[in-house]
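Below: one structure, written as structure tokens.
As the structure lists them, so they are numbered: ligands from 1, and atoms in each ligand from 1. As the structure is a prediction and not an experimental result, all values here were calculated from the model.
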Amino acid sequence: MNQMTLDINRIREDFPILKETMNGRPLVYLDSGATTLKPQVVTDAVNYYNTKKTSNVHRGVYQLSNDATELYEGAREKVKNLLNAKKVEEIVFTKGATQALNLVAQSYGLYNLKPGDEVIVSELEHHSSFLPWQHVARVTGAVLKFIPLDETGHITVENFKKVLSDKTRVVAINYVSNVMGYISPIKEITALAHEVGAIVSVDAAQAVPHMKIDVQDLDCDFLSFSGHKMCGPTGVGALYGKYELLNAMEPIEFGGEMIDIVGEVTSTWKDAPYRFEAGTPVIAGAIGLGAAIDYLQAIGFDEIAQHEYELRRYALEKLEELGGITIFNKDAKTGIISFNIDGVHPHDAATIYDAEGVCVRAGHHCAQPLMGWLCQPATLRASFYLYNTKEEVDAFIEATRKGKEFFDGVFF
Ligand code: 7TS
């Protein structure tokens, strides 16, 4: 076990909530796939705007509003650098990954697809990645094609080729699965999709928080993520889109600040990204996300990924020692474990984890097609992040042991 790469004790000091208890036990937070804990610097950045720089952006002719605009646009620059986008105008602030993914489907999909066009998705998708395209397909008459998953549930280039055709117009897939933690071969898939003239929309909600992303290297057309899964506040996320594509797309929300000239019959829009940010944008959230990006970059994404993976490996070893546990994603390379205690319904098991102060997720993880593929009603999921420790894994294992013992012989 190598905890030398990160100074975990120092990192944990940055997260005030880690001093809290749950059900009288020290809090063991292993649900970062759902949302992450927030370091004090992020809270401070949001408070700074709220207490010292409150004003609206892009419209003030006074200093305070200029300061707020600088903070907000500075956060956009940080997202641009995080993703290695070519231009800052390629970053649209949204309220999260879900809104970003819907924006692509509605603004690109509804306007560009016709009956018979094909949209490639997979059973590995979060509902937020898949449902916007199911809707677009229903409205436009486009056809959804599913990449057949391999025997362990991975998206592979080989299987992608089986559904790719000259009718493919859109590929909408995840970078990292929120249940399996697998990393999809986005770069290779994008290159193949471009050969047939399709665009690629990447759901990177579980990728951006955990690994270095380079949208120019991936060459994907769109990429979406949420701030709250990477130490940022809730209510903010971002969409990356190639500028030529974004700037040719229709807005899907209309209102203040996204317009160029408004007439009684027709109006024109600002260039991207502003045409997609109608109304007062997520100012405080974006500033908080900017602080989260600074925080994570100072620690290092490679170090964070390594740490999560090490914790996962340690936890897997211990779960295997316990026995009677089914692991659904044995060969994942990220910090997610999806599993069930044999013979115990995950929601029953969850009550034991709760009593032991351990936060894990039980359910279908907003991935019902994948639950169908796994032939499970639900799974348990532990997901690690930079603040987790080996000792917390031990507490998780002890809770699992108690769960096994408590429900021994009670079958669902
Ligand atoms: N895509 C993936 C892969 C996700 O994991 C999630 C959220 C989303 C999209 C949507 O993100 P949102 O911030 O807009 O809600 N995933 C989870 C999860 O696994 N448990 O709770 C939320």
**OP:** Identify, chain by chain and in numerical order, each protein residue with a heavy atom under 4.0 Å from an atom of ligand 1.
**Re:** G33, A34, A97, T98, H126, S128, N178, D203, A205, Q206, S226, H228, K229, R361, R381

**OP:** State whether R361 and D31 are salt-bridged, where the test is any N-O pair (Lys NZ or Arg NE/NH1/NH2 against Asp/Glu carboxylate O) under 4.0 Å.
**Re:** no

Subject >> K270 and D260 ion-paired at < 4.0 Å >> reply: no

**OP:** Quick one: list whatever passes ring pair (Phe, Tyr, Trp, His ring centres under 6.0 Å) with Y385, sequence neighbours left out.
**Re:** H210, Y387

Original post:
Do the charged groups of E20 and R25 touch, with an N to O distance under 4.0 Å?
Top reply: no

Subject >> Cationic N near anionic O, under 4.0 Å, E392 to R12 >> reply: yes

Original post:
Looking just at side-chain N and O atoms, do K162 and N159 make a donor-acceptor pair shorter than 3.5 Å?
Top reply: yes

